[in-house]
Each structure stands twice: as structure tokens, then as C-alpha cells.
Undergrad: 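The structure that follows is given in the form of C-alpha cells.
Because the structure is predicted, anything quoted here is derived from the model rather than measured. Letters A, B, ... mirror the listed sequences (proteins, then strands); counts begin at 1.
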Amino acid sequence: MKETIGVDHLEKVFHSQNDMEITALTEMNLSVPENEFLCILGPSGCGKSTLLRIIAGLEKASSGKVFYNGREHTKPCREIGMVFQSYSLMPWLNVLDNIALGLEFASVSKPERMAIAREYLDMIGMSNFGKAFPYELSGGMQQRVAIARALANNPDVLLMDEPFGALDAYTRIIMQKELLRIWEQRKKTILFVTHSVDEAVYLADRIILMSGNPGRIKKEIAITIPRVRERSNPRYGELTSELLALLEGA
Amino acid sequence: MQKTFNKLILSLILPALLLIVWQLSAWQAQNAAVLPTIGRVLENFIHATDNFIGLGSIPRNIGVSLIRVLSGYTAGVLIAVPLGVLMGYSKTIQQIFETFINIFKPIPPLAWQPLALAIFGVSSIASLLNMPFGQQYVFWGNFKIAMVFMIGMGSFFPVVANVMFGVQNVRQTLIDSARVLGASERDIFFKILIPAAAPSIINGLRVGLAIGWACLVGAEMLPGSLAGVGYLITHAYELARTDLVITGMICIGGVGALLDSVFRIIANKYFSWESKTR
């Protein structure tokens with residue numbers, strides 16, 4: 001299968017103020033095939049967000065390389081979109097202008113980008129909120145807009161950094177369903193960072209389990225339960241318990 | 001309706017108290033040179049268009065002062081805003097200018113008066129533009145470069161500080177979001193940093209204008225001034241016309257508050273997102 005994202009011997013060392021070296025990531029090797037839904041699961045501080053930021057090109061690796069479609073990737077680009085945990089919408093732009101922002105950077109004409117933005121607005125089920133401002137929306141709606149904004153750019157790869165982490169349990173479940181629906185509709189390669197075992201089991205084709213100090217890959221698990229996954233499925237429960245046990249040992 | 005009324009009442013308590021204390025003290029003092037009655041000052045406003053102590057009407061003096069402050073303010077802002085944006089944007093530019101600015105910041109604009117006078121003398125907008133002598137020249141001669149300089153100095157520092165703060169404090173997530181959407185460095189600068197910092201920039205412009213306006217009396221104490229509210233106060237003091245001094249003070253306070261409310265309205269209208277964004 002064609003590899004979309006490759007990570008090769010990646011290491012990230014931070015220098016703290018008193019010149020201490022903190023290794024956030026070490027010996028990271030990863031190969032993500034086209035259209036895979038990959039979840040990166042791990043406890044807080046295990047470097048999973050750092051890994052995502054390096055793949056996005058927002059941070060530099062200390063050593064090692066990131067490949068996108070076989071070519072080395074170091075700078076942010078439109079083909080690799082990203083959704084952040086929260087508060088990433090431009091507060092001075094309304095919902096439509098936010099969704100159209102990436103297209104504006106790409107110099108798409110105003111009528112054209114507004115038409116595309118409308119289409120994605122409909123997709124996230126917020127047709128009546130085009131003129132609303134981010135502060136008028138609930139956290140769940142803001143995240144939907146952030147996802148629409150990333151998708152409107154039509155990226156190949158979508159990096160998601162705990163995008164539902166700040167949402168309540170109910171909204172979170174709805175958003176997970178919606179994300180899967182969107183992913184199945186417009187095939188993308190998704191790298192999804194989370195610290196929720198349930199979320200990872202529900203969403204992923206494959207889970208990369210990370211452990212901290214220093215951050216590295218502990219285990220890889222393929223999830224073969226067919227979608228839509230029922231949380232009552234015994235296999236679902238087994239996997240969840242297994243992963244929780246592994247996390248405790250992480 | 002009831003709410004607005006209550007708000008109005010609350011905000012009027014202290015001014016009313018001040019007026020009462022003023023009036024009682026004025027009766028007590030029995031000396032218009034120390035403290036005139038409210039009536040005396042009110043009369044000046046009723047006859048605002050009269051020619052006061054040879055300096056012309058009150059609106060004319062306010063007009064002259066406004067032009068002075070606005071020209072000094074404009075000059076200060078035209079340098080301060082771009083500099084503040086660049087200092088907020090680039091650590092290197094900030095390091096180049098910050099210490100330099102911090103040395104000059106604590107110097108009150110009034111302390112610049114002797115130097116301003118020594119450097120710029122009595123040159124004015126009129127002489128700078130090489131205007132032919134005549135009525136126009138006399139009018140524009142009112143606007144001495146030294147005054148404009150002092151007011152500009154007063155406006156400059158708060159504007160630079162606020163603009164820099166605004167640009168530096170743009171949330172990193174917003175910049176990162178723009179980058180992963182494919183923004184160029186130019187996009188980041190004009191489409192993210194500037195709009196995100198706009199509320200701070202407006203706030204800086206507001207504080208700058210307030211301080212520029214407050215520098216007025218000091219600036220208009222410079223020789224060569226023949227009009228302006230600040231000069232009116234100074235000259236009225238020399239003639240022991242305390243009622244006119246107070247009239248001038250009220251004008252400065254009133255116009256200052258009016259200018260401030262213009263900025264408040266702009267901020268509420270266009271930048272309300274700032275206060276509502278968590």
C-alpha cells in the first residue's frame with residue numbers, strides 16, 4: 001500500500017531554561033498508508049502532540065525525518081491540514097470567513113471560496129450559522145467549524161490534536177460519529193491524537209500506543225472491528241481493557 | 001429603561017457633589033480670583049462666542065487646540081504604529097528599539113519644552129510650508145513645530161507599547177492554524193497579526209490621544225502661542241481670571257472625554273469580539 005506519511009528515526013529534545021535537556025520523543029518510526037485512520041494514544045506529556053506538530057511542520061525535529069508522499073516534509077503546507085484542541089478560529093471572522101480562510105490564502109476568488117465554504121457549512125450541519133461569530137458558538141460547534149475549515153482546503157492528510165478533548169461526553173460521541181462519516185465520504189489519511197482509549201478504539205484502523213519519558217512507541221494494535229462499531233460488542237470491551245492495562249503500565 | 005436611568009443617576013452623584021462643594025466654597029471664599037461661583041463660569045459658556053481677554057471665542061480656541069493636538073498626535077501615531085507592529089513581530093527589532101525607547105519613556109513631555117524650543121525655535125507649520133505672509137500665515141503660524149513635537153512625544157509611547165503588546169500576544173494557536181492552512185509570512189502578518197492585534201492597537205490610539213490632549217496646556221505654554229485652550233488658561237491665570245481658567249479646564253475635560261467616547265464607540269462597534277472571546 002502507498003505510504004502517505006513516513007516518520008524515520010525522529011527525535012525531539014527540548015532545552016529547558018536552566019539548560020537541562022528533556023527528550024520528548026525518541027526513536028519514532030511510523031508509516032501511515034493512504035486513507036488510514038490512525039490513532040496515536042498515550043498519557044499526557046508522552047510527546048504525542050509534539051509528534052503531530054513536527055509532522056505538520058510547526059516544529060523542527062532534533063534529528064530524524066518526516067516524509068510526505070516519499071518526499072521530506074519540513075514546512076506547513078495546504079496538503080497537510082490540522083485541527084487543534086480548541087480556540088483556533090479567528091475570533092474577528094464569522095463562521096463562513098473562517099471556513100474560507102485557507103482558500104483565501106490560496107487566492108481562490110471570493111465567490112468561489114464562499115461557495116465552497118457554504119458546502120462545508122452544510123456538511124457540518126450548521127447552515128444557519130454562516131454569519132455567526134466564534135464567540136457565539138458552543139465548544140462543539142466551534143470544533144465542527146474548525147474541522148470544516150481544515151477540510152475546505154481539501155488536504156490529503158488531516159492531523160487532529162485531541163480535537164474533541166474539550167467537549168462534554170455526549171457531544172464528543174456525536175462528533176466522533178460525524179468525523180467517521182466525513183472520513184468515509186471523502187477519503188483522507190487521518191492522524192488522530194487522543195488520550196481516550198474509548199475514542200481510539202471507536203475511531204481507528206490502527207492504534208499507536210505511546211509511553212512517556214521519553215516519548216516512544218510502545219505498541220501497535222490494528223482494530224478490525226467493522227464500523228459502525230458498537231460499544232456493546234465484546235471485542236470492543238476486550239480491546240479497551242487491554243489498552244487500559246497497557247496504558248497503566250506505560 | 002429603568003436600568004439606564006439608574007445608571008445615569010449613579011454616574012451623576014459625584015459630579016453633583018462636586019458642584020455643591022464648589023458653590024459652597026465659592027460663597028465661603030468670597031474671592032473670585034481664588035474660586036469664582038458656578039454662575040460666573042456658566043456665564044462664560046453662555047457667551048462662548050465672545051472675545052475673551054483678546055484671545056477670541058471659546059470655540060475658536062478649542063479649534064486651534066484640536067488642530068495642534070491632532071497634528072502632533074498624527075505625527076506620533078504614524079511612527080508609533082508601524083514601529084510597534086514591527087517590534088511585536090520581530091524579536092530583533094524589539095531588542096534594537098526597546099532599551100532606547102525605555103530611556104525616553106519616563107521623560108514627561110513637558111520636560112522636552114526647553115529642548116524643543118531650542119531645536120525648533122518658533123518655526124511653525126506656516127514657515128515649514130513656506131506660506132506667503134497673510135491671514136493664512138497668521139493662522140497656520142499658531143501651530144509651532146515645538147508644540148507638535150511635544151504632543152507627538154506624549155502620544156508616541158503609549159501607542160508603541162500597546163501596539164507591541166497586542167501583536168506579541170496574538171494566540172499562538174491562531175498563527176499555527178493559519179500556517180497549516182497554507183498562509184504565507186505575508187498572510188500571517190496582514191491577515192492574522194494585524195486584525196488580531198487591532199483591539200490593542202485601537203486601545204493604544206485611544207490612550208495616546210488622551211495623553212496627547214493632556215499635554216496641551218504644557219505645549220501651549222510655549223512662546224509664540226496666541227490662542228488655544230491651554231494658552232487661554234495660562235493667560236487667564238496671569239490676569240487672575242480664575243473663572244476663565246476653570247472654563248478652559250472644563251473645555252479640556254469635556255473635549256477629552258468626547259474624543260475618548262469616539263474611540264469607545266469604534267471599539268464597541270468593530271472589536272466587540274475581543275471582550276466576548278474567552
Undergrad: Let me confirm one number: the CD-CG distance from A:Glu104 to B:Leu181, rounded to the nearest 0.5 Å.
TA: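 Output value for this atom pair is 11.0 Å.
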Undergrad: How long is the gap from CE on A:Met82 to CG on B:Asp176, to the nearest 0.5 Å?
TA: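 Answer for the CE-CG pair, A:Met82 versus B:Asp176, is 7.5 Å.
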Undergrad: So for atom CZ, which belongs to B:Arg60, do other residues, nucleotides or ligands contribute more than 12 heavy atoms lying within a distance under 6.0 Å?
TA: no
Undergrad: Is the number of heavy atoms from other residues, nucleotides or ligands under 6.0 Å of A:Arg186 CZ greater than 12?
TA: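 Buried by this count: over 12 neighbours within 6.0 Å.
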Undergrad: Should the heavy atoms of other residues, nucleotides or ligands under 6.0 Å from CZ of B:Phe120 be counted, would the total exceed 12?
TA: yes
Undergrad: State, yes or no, whether a side-chain contact exists between B:Pro199 and A:Trp92 at a heavy-atom distance under 4.5 Å.
TA: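 With C-beta onward as the side chain, the pair stays apart.
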Undergrad: Given heavy-atom pairs under 4.5 angstrom as the criterion, report whether the side chain, backbone, both or neither of B:Ala196 touches chain A.
TA: both
Undergrad: Heavy-atom cut-off 4.5 Å, strictly under: side chain, backbone, both or neither for A:Leu89 against chain B?
TA: backbone
Undergrad: For B:Lys3, look at atom NZ and say whether over 12 heavy atoms of other residues, nucleotides or ligands are found less than 6.0 Å away.
TA: no
Undergrad: Provide the closest heavy-atom pair for B:Gly182 versus A:Phe105 in the form atom of the first, atom of the second, distance.
TA: O-CB, 4.0 Å
Undergrad: How close do B:Thr173 and A:Ser86 get, heavy atom to heavy atom, and via which atoms?
TA: CG2-O, 4.0 Å
Undergrad: At a 4.5 Å cut-off on heavy atoms, which part of A:Phe133 comes close to chain B: side chain, backbone, both, or neither?
TA: neither
Undergrad: May I ask you to name which of A:Ala150, A:Gly102, A:Pro91, A:Pro76 has the most heavy-atom pairs under 4.5 Å with chain B?
TA: A:Pro91
Undergrad: Are any side-chain N or O atoms of A:Arg149 and backbone N or O atoms of B:Ser177, one a donor and one an acceptor, separated by less than 3.5 Å?
TA: no
Undergrad: Does atom CZ (B:Phe97) have a neighbourhood of more than 12 heavy atoms from anything else shown, all under 6.0 Å?
TA: no
Undergrad: Side chain, backbone, both or neither: which part of B:Ile175 has a heavy atom under 4.5 Å from chain A?
TA: neither
Undergrad: How about CZ on A:Arg118, more than 12 heavy atoms from neighbouring residues, nucleotides or ligands closer than 6.0 Å, or not?
TA: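 Open.
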Undergrad: In Å, rounded to the nearest 0.5 Å, how long is the span from CG of A:Leu101 to CD1 of B:Ile192?
TA: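 Taking CG in A:Leu101 and CD1 in B:Ile192, the distance rounds to 5.0 Å.
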Undergrad: Any idea which of B:Arg179, B:Arg186, B:Lys191 has the most non-hydrogen atom pairs under 4.5 angstrom with chain A?
TA: B:Lys191
Undergrad: Would the number of heavy atoms belonging to other residues, nucleotides or ligands and lying under 6.0 Å from OH of B:Tyr270 be above 12?
TA: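 No, OH of B:Tyr270 has 12 or fewer neighbouring heavy atoms, counting only those of other groups under 6.0 Å.
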Undergrad: Heavy-atom cut-off 4.5 Å, strictly under: side chain, backbone, both or neither for A:Leu58 against chain B?
TA: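 Contact with chain B involves the side chain of A:Leu58 alone.
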